[in-house]
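Inspection log for the structure reproduced underneath, given as structure tokens.
This structure is a prediction, so every number in the text was calculated from the model and none was measured. For this chain, numbers begin at 1 and follow the sequence in order. All ligand and atom numbering here is 1-based and tracks the order in the structure.
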Amino acid sequence: MTAGRPANYDLAGKRVWVAGHRGLVGSALVRRLASENCEILTVGRDTVDLRRQADVERWMEQAKPDAIFEAAATVGGIFTNENRPAEFLYDNLAIETNIIEAARRVGVGKLLFLGSSCIYPRLAPQPIPENALLTGPLEPTNQWYALAKIAGSMLCQAYRRQYGLDFISTMPTNLYGPGDNFELATSHVIPALMAKAHAAKAKGGAEIVVWGTGTPRREFLYVDDLADALVFLMKNYSDEEHINVGTGSEITIKELATLIARVVGADGKLRFDSKMSDGTPRKLVDSTRLLSMGWRPRTGLEQGLRQTYDWYLKSAAARS
Ligand code: GFB
């Protein structure tokens, strides 16, 4: 821990801004923070464009948060990462620099920055320890997003060193859950395969197209477990080095597709489209540091998938 800084940060009575409250992570944070005795601050993109420094500074001076969860980002799955490099680099650099600098200006007491496990080298040792950062080339499909997230994490370190601020950064593994994006062109693998399996079932057992070879391995964390870990870290972690958040379990994309088809009740065959990218072959983070602090995930993958599918069915029914 940083010398002289108490590790315990009390959220009670604090004004807590969840930046990106409509996203997958932000909406889970709002659910989780409801059981903390704090005031939750949110602002929509119709009011504040987080890519505009003047907007962010104006809003922050008026809202005066005590603490910030920086969960706002331009995000998406492998295909949209490959096809929108400028937005994934520019938007994320702008959002994080604007929020972190404005937080310094208005005297925010604690800030938690969210990165991603794609910051690590493509061929990092598995499970990936925090100190694997910047030890090798990045995965090309998401290097733009990864570079922005590396810069955000380093900004937190720099602000801690130069200004003595209690800014921390976390690197969650691949996430999924209620509130995810199910649009096939932009989504991550779990909502995409769920939507495809659901459509295949409706067509009476049509095949399910899975991108890539099915051999890559991924670790998946249920987003409400992540939100719980983030609140835990906000309260208990105060160090310069970023910290991984994962479950310790991994699964191949082929196994995942089979499991999702079972959860959805789709019995069509899987077809692998090898024209689509596989991305990094394996991405399992080493969460030893977090686990040694006493935090544990609660939701197994199958249970989490069932809860996510329930949410998808309810939200689809609500839309129609
Ligand atoms: O979830 P995903 O898009 O992200 O893809 P990454 C994971 C794996 O699932 C890849 C395969 O090997 C995909 O080829 N996959 C199979 C599919 N079928 C599908 C499908 O229908 N849709 C999608 N999206 N994938 C992202 C990064 O990488 O991970 C982001 O691009 C971010 O920057 C995120 O870091 C956590 O794990 O490959």
Side-chain angles (χ1 to χ4, degrees), residues 23-25 71 73-89 91-93 114-124 126 128 133 138-153 170-177 180-200 207-223 226 242 244-247 250-261 264 266 268 270-285 301 305 308:
L24 174 67
V25 174
T74 291
V75 298
I78 190 165
F79 181 74
T80 195
N81 265 266
E82 280 183 294
N83 288 291
R84 291 161 56 207
E87 284 172 89
F88 275 78
L89 186 53
D91 286 10
N92 289 308
L93 285 172
L114 265 126
S116 162
S117 57
C118 71
I119 60 154
Y120 291 114
R122 171 180 165 81
L123 298 177
Q126 307 284 324
I128 314 171
L133 183 63
L138 297 168
E139 156 60 33
T141 54
N142 58 33
Q143 57 183 325
W144 320 97
Y145 181 74
L147 263 174
K149 289 295 181 181
I150 292 169
S153 178
T170 60
M171 296 302 150
T173 196
N174 284 34
L175 304 169
Y176 71 102
D180 214 337
N181 166 23
F182 285 77
E183 294 295 326
L184 296 185
T186 53
S187 60
H188 288 100
V189 62
I190 288 185
L193 291 180
M194 211 168 254
K196 288 179 188 177
H198 182 73
E207 67 178 13
I208 301 166
V209 178
V210 181
W211 292 353
T213 59
T215 57
R217 306 173 85 84
R218 294 287 185 275
E219 175 188 26
F220 295 102
L221 176 65
Y222 189 63
V223 73
L226 173 73
H242 60 277
N244 288 339
V245 187
T247 63
E250 58 178 346
I251 183 169
T252 67
I253 297 302
K254 183 178 180 185
E255 288 163 345
L256 176 73
T258 306
L259 179 57
I260 289 176
V264 169
L270 303 180
R271 180 164 65 80
F272 293 90
D273 179 358
S274 56
K275 289 195 298 302
M276 300 301 282
S277 304
D278 268 343
T280 195
R282 219 179 146 196
K283 193 166 43 168
L284 174 68
V285 298
L301 182 58
L305 290 174
T308 305

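Checked against side-chain contact (heavy atoms from CB on, under 4.5 Å), A73 has the following partners two or more places apart in sequence or in another chain: V75, N92, K149. Partners of N83 according to the side-chain hydrogen bond (donor to acceptor under 3.5 Å, both in side chains) rule, which considers only residues two or more places apart in sequence or in another chain, do not exist here.
Side-chain contact of T213 with D278: a donor-acceptor pair under 3.5 Å is present, judged by distance alone.
Taking the six-membered ring where the residue is Trp, Y120 and H242 present tilted rings, their angle falling between 30° and 60°.
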What side-chain donor-acceptor pairs closer than 3.5 Å can you find for residues 186-194, not counting sequence neighbours?
residue : atom : partner : partner atom : Å
T186    : OG1  : N181    : ND2          : 2.9
S187    : OG   : E183    : O            : 2.9
H188    : NE2  : G76     : O            : 2.9

Using a cut-off of under 3.5 Å, which N/O atoms of ligand 1 pair up with protein N/O atoms, and what distance separates each pair?
residue  : atom   : partner : partner atom : Å
ligand 1 : 1 (O)  : V189    : N            : 2.8
ligand 1 : 3 (O)  : I78     : N            : 2.8
ligand 1 : 12 (O) : D278    : O            : 2.6
ligand 1 : 14 (O) : S277    : O            : 2.6
ligand 1 : 18 (N) : W211    : N            : 2.9
ligand 1 : 21 (O) : K196    : NZ           : 2.7
ligand 1 : 24 (N) : S187    : O            : 2.9
ligand 1 : 29 (O) : K283    : NZ           : 3.4
ligand 1 : 31 (O) : N81     : ND2          : 3.1
ligand 1 : 33 (O) : N81     : OD1          : 3.1
ligand 1 : 33 (O) : N81     : ND2          : 3.4
ligand 1 : 35 (O) : S116    : OG           : 3.0
ligand 1 : 37 (O) : N174    : ND2          : 2.9
ligand 1 : 37 (O) : R218    : NE           : 2.7
ligand 1 : 37 (O) : K283    : NZ           : 3.0
ligand 1 : 38 (O) : R218    : NH2          : 2.9

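Side-chain atoms of T252 come within 3.5 Å of backbone atoms of E255 as a donor-acceptor pair (strictly under, hydrogens ignored).
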